[in-house]
Amino acid sequence: MFARILLLTDLSEASESDLRSAASFRSVGASDVALLHVLDERKGISSLGEAEKARLAAQEESLIEEGWNVEILVRSGIPFDEIVRTALEREVSLVVMGQGHPLQRALTARLFGETAYRILEMCPLPILVGLERMEREDFLFRNVLYGCDLSDSSLHAFKYVERIAETASPELERMTILHVHERHHAALFQGIPGAGKECRERMEALIALEMERFQSMAERLKRAHPRMDVAVIAEEGQAVETILDTARATKATLVLLGAQGKAWSPQYRIGTVAYRVAQQAPCPVLVVPMHRMAYPV
């Protein structure tokens, strides 16, 4: 599933912790890492200095000591173009943006910069953001919150949830399936004259059917990893706020979401919910887009 990952580095001291945090992926089958540093041509930077070369070599050595097969990549260009292009060329299965990278400084401030947003928008591969929110020495997959609305994108993301349950180490303690009934949907139907009782009955029947599906998904996860706790939570409210509140309440170590873009162009892969959760969540967020053709870069 995550055999080969692309890890971004700006060669800062802060990026050293990203290397250590990436170790969690070894428990789900990752063995190869491409460590990428992009020289931003817009700033007139065309080569690494001696100090930067030394830091890159030290980061490579650190990854090798952790048991990774490492490829070092230095590219020059516009960062989001080079990152997406490299991910596709190297056929990685995951892009990891951590705290030291300039793209993530915007995340820390709760505002996405252009580059981070464009990677989420353009990249057809799973993307992990917010690695700096992970507690030091914690296990990324210890407590996973999976948001599901039964859309194609969220059901596609469930394949990753199930795979994590199958392959993660005993450190995986809990998985929570969260479904949010959008409050405005119910209010819309209930506002139809004379349809109040009928609407409630239909909504209750629909919720019962949905809960059957979620319980079936929970049973599949429990069979995959019998020792972990699996919970199903259904809430009424606004999707983003409810996901964020649940992540905090359950002390999630990872939020996993499908990316359901609904913009004017099919190339826009990141929906509003996934974007805002990735931006504001108290823990790392794994965004899984549907299989689509690569954005032309």
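Just so you know, these numbers use all the heavy atoms, side chains as well, and skip hydrogens, waters and symmetry mates. This one's a predicted model, so the numbers in the text were calculated from it and none came from an experiment.
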Same apolar cluster: Trp68 and Ile64, side chain cutoff 4.5 Å:
yes

Is atom CD of Glu241 surrounded by more than 12 heavy atoms (other residues, nucleotides or ligands) closer than 6.0 Å?
yes

Hey, does the side chain of Ser76 reach the backbone of Ser46 with a donor-acceptor pair shorter than 3.5 angstrom?
no

Which of these passes side chain to side chain contact (heavy atoms under 4.5 Å, CB included) with Phe214: Leu150, Leu209, Leu178?
Leu150

So, taking the atom named CG in Leu35 and the one named CD1 in Ile5, what distance separates them when rounded to the nearest 0.5 Å?
9.5 Å

Given the rule in the side chain to side chain contact (heavy atoms under 4.5 Å, CB included) test, do Ile78 and Arg42 qualify, once you have shown the distances and angles that lead to the verdict?
CA-CA 7 Å; Ile78 299 173; Arg42 296 172 298 183; 4.0 Å; yes

Flag, side chain of Lys222 to backbone of Val230, donor-acceptor distance under 3.5 Å
no

Is there side-chain contact between Pro124 and Leu88, with at least one heavy-atom pair below 4.5 Å?
yes

Between CG on residue Leu128 and CG on residue Leu254, distance to nearest 0.5 Å
6.5 Å

Is there a side-chain contact between Val144 and Thr176 (heavy atoms, below 4.5 Å)?
no

Between Phe158 and Tyr146, how do the two ring planes meet: parallel, tilted or perpendicular, split at 30° and 60°?
tilted

Within the structure provided, determine whether Glu162 and Arg220 are in side-chain contact (heavy-atom separation under 4.5 Å).
yes

Show your reasoning for whether side chain to side chain contact (heavy atoms under 4.5 Å, CB included) applies to Val33 and Val92.
CA-CA 9 Å; Val33 60; Val92 302; over 6 Å; no

If you look at every heavy atom in Ala165 and Met175, which pair is closest and at what distance?
N-CE, 3.8 Å

Indicate the atoms forming the closest heavy-atom contact of Val95 with Ala87, along with that distance.
CG2-CB, 3.9 Å

Arg55/Glu52 salt bridge by N-O under 4.0 Å criterion:
yes

Would Gln59 and Thr9 count as a side-chain hydrogen bond (donor to acceptor under 3.5 Å, both in side chains) here? Give the steps.
CA-CA 9 Å; Gln59 291 189 354; Thr9 178; 2.9 Å; yes

So, Glu210 versus His179: side-chain donor-acceptor pair below 3.5 Å or not?
yes

Any donor-acceptor N/O pair, Thr253 side chain to Leu140 backbone, under 3.5 Å:
yes

Between CG on residue Leu286 and CG on residue Leu94, distance to nearest 0.5 Å
6.5 Å

Is the backbone of Gly67 close enough, under 3.5 Å, to the side chain of Arg26 for a donor and an acceptor to pair up by distance?
yes

Apply side chain to side chain contact (heavy atoms under 4.5 Å, CB included) to the pair Ile83 and Leu8, showing each step before the final yes or no.
CA-CA 8 Å; Ile83 291 165; Leu8 311 182; 3.7 Å; yes

Between Arg174 and Ala231, which heavy-atom pair has the shortest distance, and what is it?
NH2-CB, 3.4 Å

Side-chain touch Leu256/Leu145, heavy atoms, less than 4.5 angstrom:
no

Lys53 with Glu50: basic N within carboxylate O range, under 4.0 Å
yes

Heavy-atom closest contact (Gly77 atom, Glu82 atom, distance):
CA-CG, 3.8 Å

If you look at every heavy atom in Gln238 and Thr242, which pair is closest and at what distance?
O-OG1, 2.8 Å

Flag, side chain of Asn143 to backbone of Thr250, donor-acceptor distance under 3.5 Å
yes

Hey, is Glu41 close enough to Arg75 for a salt bridge, meaning N to O under 4.0 Å?
no

Please walk me through it: do His37 and Leu11 pass side chain to side chain contact (heavy atoms under 4.5 Å, CB included)?
CA-CA 8 Å; His37 178 71; Leu11 304 178; 3.9 Å; yes

Whether Arg142 and Glu171 form a salt bridge (side-chain N of Lys/Arg under 4.0 Å from carboxylate O of Asp/Glu) is what I want to check.
no

Less than 4.5 Å apart, side chain to side chain, heavy atoms only: is that true for Cys123 and Phe80?
no

Give me the ring orientation class for Phe2 and Tyr160: parallel if the planes are under 30° apart, tilted from 30 to 60°, perpendicular past 60°.
tilted

Heavy-atom side-chain contact between Val232 and Gln215 under 4.5 Å:
yes

Interatomic distance, CG@Asp138 vs NZ@Lys251, rounded to 0.5 Å, equals 12.5 Å

Once you round to the nearest 0.5 Å, how far does CZ of Phe25 lie from CZ of Arg4?
15.0 Å

Is any side-chain heavy atom of Ile243 closer than 4.5 Å to a side-chain heavy atom of Arg276?
no

Between Met97 and Ile127, is there a side-chain heavy-atom distance shorter than 4.5 Å?
yes

Shortest non-hydrogen separation from Gln279 to Arg133 and the atoms involved:
O-NH2, 3.5 Å

If you measure from CG on Asp10 to CG on Asp40, what distance do you get to the nearest 0.5 Å?
12.5 Å

